Protein chains: 2
Amino acid sequence: MRASVTTIEPNGHFCSDCAVRGFAVCASLDPEELREFEHLGRRVHFAAGETVFSEEDITTSFYNLLEGVMRLYKLLPDGRRQIVGFALPGDFLGMNISDRHNFSADAIGAVTVCQFAKAPFGRFIEDRPHLLRRINELAIRELGQARDHMVLLGRRSADEKVATFLLGWRERLFSLKGSSNTVPLPMSRQDIADYLGLTIETVSRTFTKLERHGAIEILHGGISLRDPARVEALAAA
Amino acid sequence: MRASVTTIEPNGHFCSDCAVRGFAVCASLDPEELREFEHLGRRVHFAAGETVFSEEDITTSFYNLLEGVMRLYKLLPDGRRQIVGFALPGDFLGMNISDRHNFSADAIGAVTVCQFAKAPFGRFIEDRPHLLRRINELAIRELGQARDHMVLLGRRSADEKVATFLLGWRERLFSLKGSSNTVPLPMSRQDIADYLGLTIETVSRTFTKLERHGAIEILHGGISLRDPARVEALAAA
DNA sequence: AAAGCCGATTGACCCAGATCAATTTTGACG
DNA sequence: CGTCAAAATTGATCTGGGTCAATCGGCTTT
């Protein structure tokens, strides 16, 4: 990790132009509320590899991811890591009940977030139940994803894990960038391994195997789905 | 599974006397609201092994668990099962975004739930943001538990899984029944295995090993923590 | 109390995926 | 370019936990 190049932008931005306006938490706000909301958030940039917040840190801010990809993870005392999710634009991070973050979040590549100080944000929600409802909706969606991931971690084979990951990741990118058989993978093999409960070697071997069987093609920074049906069959099994 | 002995009680109950009043969703309601709320829920009993709702069922009701223990699980097409959690009194079940349950729920032993029809419950929440906030709080707590469980499933050894499970289960029972080194385990070995991503044989062997080492004693329907410190050391590793 | 059943335990063996160990490829920088 | 360092791939070997196969033991039923 290099010297921090985090930058905070002067307040020259507008929520109404925000790339994430349509599907993030702020989707629940009307134009008038949005103008008020604008003063709460501040755009912050993080460079590749920087940590946005750490597990056990006191929660002072919430974050709305605007651009880039983040890895969300927990560490065991001996250094083993489990990635509990990847965050994409529109994801809302930082809600918890203990006043401490219960996972860490790193930028993968350059990242822009909309940062909200906890207290003012809490006050803003107070009398805006539709915003609360939206946050609740996002939490419940995440809970569903978490349960799906438990099934993957607890009961699927390495081949199934990798195939399921590729399809799931493509699906998530689909709603952001549209459909494509080319799936960019901005995260490292180690990240993928720590997400799937595997080792880096097993991930690498599985990719190679899928490629040999003509199911995928390995590209720089991603893969191409050559035979989506075959990958789906593997994931379903 | 035997013939269904589900029974619906006539409406002779009062929320104010409810065992779960202090810590369930309804904890957020004042006495007046509670009287209105009373008409929404209906107590329903389920016998051991009965299914309360199934994955992919259309969601018509929400459930507040009052008595007993439930297993919450997902099945893969080929029958592999992952238990995503055990529900205890006070847990609120059924929230989702797709209008379908995304897991199944069985009674383990006899169970009593407070059942709410979805639509009236939704209307009741509508203008009661404090209830919504309470529901959100429960969802966020569950999300934290789900992430912890991903770490267990993806990165922990069999010994660590079992030790962590015993301590976690004891901890959950603690808040209901007070502290004790005797930990009742109403679920089967198969349930424990499907919760931890192991086989029944490995769970059994691990219990035996812990007992041989003097860490626990295996009882009928539970275990006793003989050397809690040793079990904690195993779980932490 | 004998029979039957189902869950749990125990043992023998096996294999998917981990570990250990080289390469090979990629990318950053002078 | 050439040099390093980090990431990825590939191969050889090992092992934790799975699979298969008996028992064992506690309940229920008669």
Side-chain angles (χ1 to χ4, degrees), chain A residues 1-3 5 47-49 71 76 78-82 106 108-110 152-165 184-212 216-223 234 237, chain B residues 1-3 47-49 71 76 78-82 106 108-109 152-165 184-212 216-223 234 237:
Chain A
M1 195 169 316
R2 72 198 54 179
V5 288
R71 61 173 162 255
L76 290 174
D78 64 1
R80 281 174 290 175
R81 185 177 69 158
Q82 176 67 45
D106 292 348
I108 295 178
L152 178 144
L153 289 171
R155 286 298 180 223
R156 285 183 170 282
S157 71
D159 288 0
E160 291 169 351
K161 285 177 175 181
V162 170
T164 304
F165 164 68
L185 296 175
M187 69 291 285
S188 69
R189 294 288 189 269
Q190 186 65 65
D191 288 341
I192 297 173
D194 287 346
Y195 182 56
L196 300 178
L198 297 172
T199 59
I200 189 175
E201 293 94 331
T202 299
V203 171
S204 185
R205 277 188 256 270
T206 307
F207 274 6
T208 309
K209 182 163 69 169
L210 287 175
E211 187 173 47
R212 266 204 315 271
I216 67 170
E217 189 186 345
I218 301 172
L219 310 173
H220 280 192
I223 61 104
L234 264 174
Chain B
M1 197 169 313
R2 70 199 56 179
R71 60 173 163 256
L76 290 174
D78 64 1
R80 280 173 290 176
R81 185 177 70 158
Q82 176 66 44
D106 292 347
I108 295 179
L152 178 144
L153 289 171
R155 287 297 180 223
R156 283 182 172 284
S157 70
D159 287 0
E160 291 169 352
K161 285 177 175 181
V162 170
T164 305
F165 165 68
L185 296 175
M187 68 292 285
S188 69
R189 294 289 189 267
Q190 185 65 64
D191 288 341
I192 297 174
D194 287 347
Y195 181 58
L196 299 178
L198 298 171
T199 61
I200 188 176
E201 292 94 333
T202 299
V203 171
S204 186
R205 277 188 256 269
T206 306
F207 274 7
T208 308
K209 183 163 69 170
L210 287 174
E211 187 172 48
R212 265 203 317 271
I216 67 169
E217 188 185 347
I218 300 173
L219 310 173
H220 280 192
I223 60 104
L234 264 174

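To find a chain, count down the sequence lines: A is the first, B the second, and so on, and within it residues start at 1. Worth saying up front: this structure is predicted, and the values here are computed from it rather than measured.
- In this entry the distance linking CZ of B/Arg156 with C1' of C/dA18 reads 18 Å, nearest Å.
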Apply side chain to side chain contact (heavy atoms under 4.5 Å, CB included) to B/Leu210 and B/Leu234, showing your working.
CA-CA 10 Å; B/Leu210 287 174; B/Leu234 264 174; 3.2 Å; yes
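- Contacts of A/Gly197 with the nucleic acid, taken as non-hydrogen atoms under 4.0 Å apart, involve only primed sugar atoms and P, OP1 or OP2.
- Taking CD1 of A/Ile218 as the reference point, atom CZ of A/Arg212 lies at 9.5 Å (rounded to 0.5 Å).
- Counting 5' to 3', DNA chain D first comes under 4.0 angstrom of a heavy atom of chain B and last does so at the ends given by D/dG17 to D/dC27.
- Nucleotide C/dG17 holds its P atom 13 Å from the CZ atom of A/Arg155, rounded to whole Å.
- Comparing the end axes of the helix from C/dA1-D/dT30 to C/dG30-D/dC1, each fitted to five base pairs by superposing C1' atoms of four pairs onto the next four, gives an inter-axis angle of 50° (nearest 10 degrees).
- Looking at heavy atoms from C-beta onward, A/Tyr195 lies out of side-chain contact with A/Met187 at the 4.5 angstrom threshold.
- Rounding to the nearest 0.5 Å gives a distance of 8.5 Å between CD of B/Gln82 and CG of A/Leu153.
- With rounding to whole Å, A/Lys209 atom NZ is found 11 Å from C/dG17 atom C1'.
- From B/Arg205, atom CZ reaches atom CD1 of B/Ile200 across 11.0 Å, with rounding to the nearest 0.5 Å.
- Among residues at least two apart or in separate chains, salt bridge (charged side-chain N to carboxylate O under 4.0 Å, His left out) pairs with a member in residues 192-203 of chain A are A/Arg81-A/Asp194, A/Asp194-B/Arg155.
- Between the CZ atom in A/Arg189 and the CG atom in A/Leu198 there is a gap of 13.0 Å [rounded to 0.5 Å].
- Of the residues B/Leu152, B/Asp159, B/Leu196, the one that meets the side chain to side chain contact (heavy atoms under 4.5 Å, CB included) test with B/Thr164 is B/Leu152.
- Between B/Val203 and B/Phe165 the shortest side-chain heavy-atom distance does not fall below 4.5 Å.
- Closest non-hydrogen pair, B/Phe207 versus B/Ile223, comes out as CE2-CG2, 4.5 Å.
- Summarising the geometry of A/Ala158 relative to A/Thr202, their closest heavy-atom pair is CB-CG2, 3.8 Å, with the distance given to 0.1 Å.
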Pick out the pairs of N or O atoms, protein on one side and nucleotides 8-14 of chain C on the other, that lie under 3.5 Å.
unit_1 : atom_1 : unit_2   : atom_2 : d
C/dA8  : OP1    : B/Arg189 : N      : 3.3
C/dA8  : OP2    : B/Arg189 : N      : 3.2
C/dT9  : OP1    : B/Arg189 : NH2    : 3.2
C/dT9  : OP2    : B/Arg189 : NE     : 2.8
C/dT9  : OP2    : B/Ser204 : OG     : 2.8
C/dT9  : O5'    : B/Ser204 : OG     : 3.0
C/dT10 : OP2    : B/Thr208 : OG1    : 2.6
C/dG11 : N7     : B/Arg205 : NH1    : 2.8
C/dG11 : O6     : B/Arg205 : NH2    : 3.4

All N/O contacts under 3.5 Å from nucleotides 22-26 of chain C to the protein, with atom names and distances to one decimal?
unit_1 : atom_1 : unit_2   : atom_2 : d
C/dT26 : OP1    : A/His220 : NE2    : 2.6

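- Checked against salt bridge (charged side-chain N to carboxylate O under 4.0 Å, His left out), B/Glu211 has no partners two or more places apart in sequence or in another chain.
- In this structure, CD1 of B/Ile192 is placed 14 Å from P of C/dG7, rounded to the nearest angstrom.
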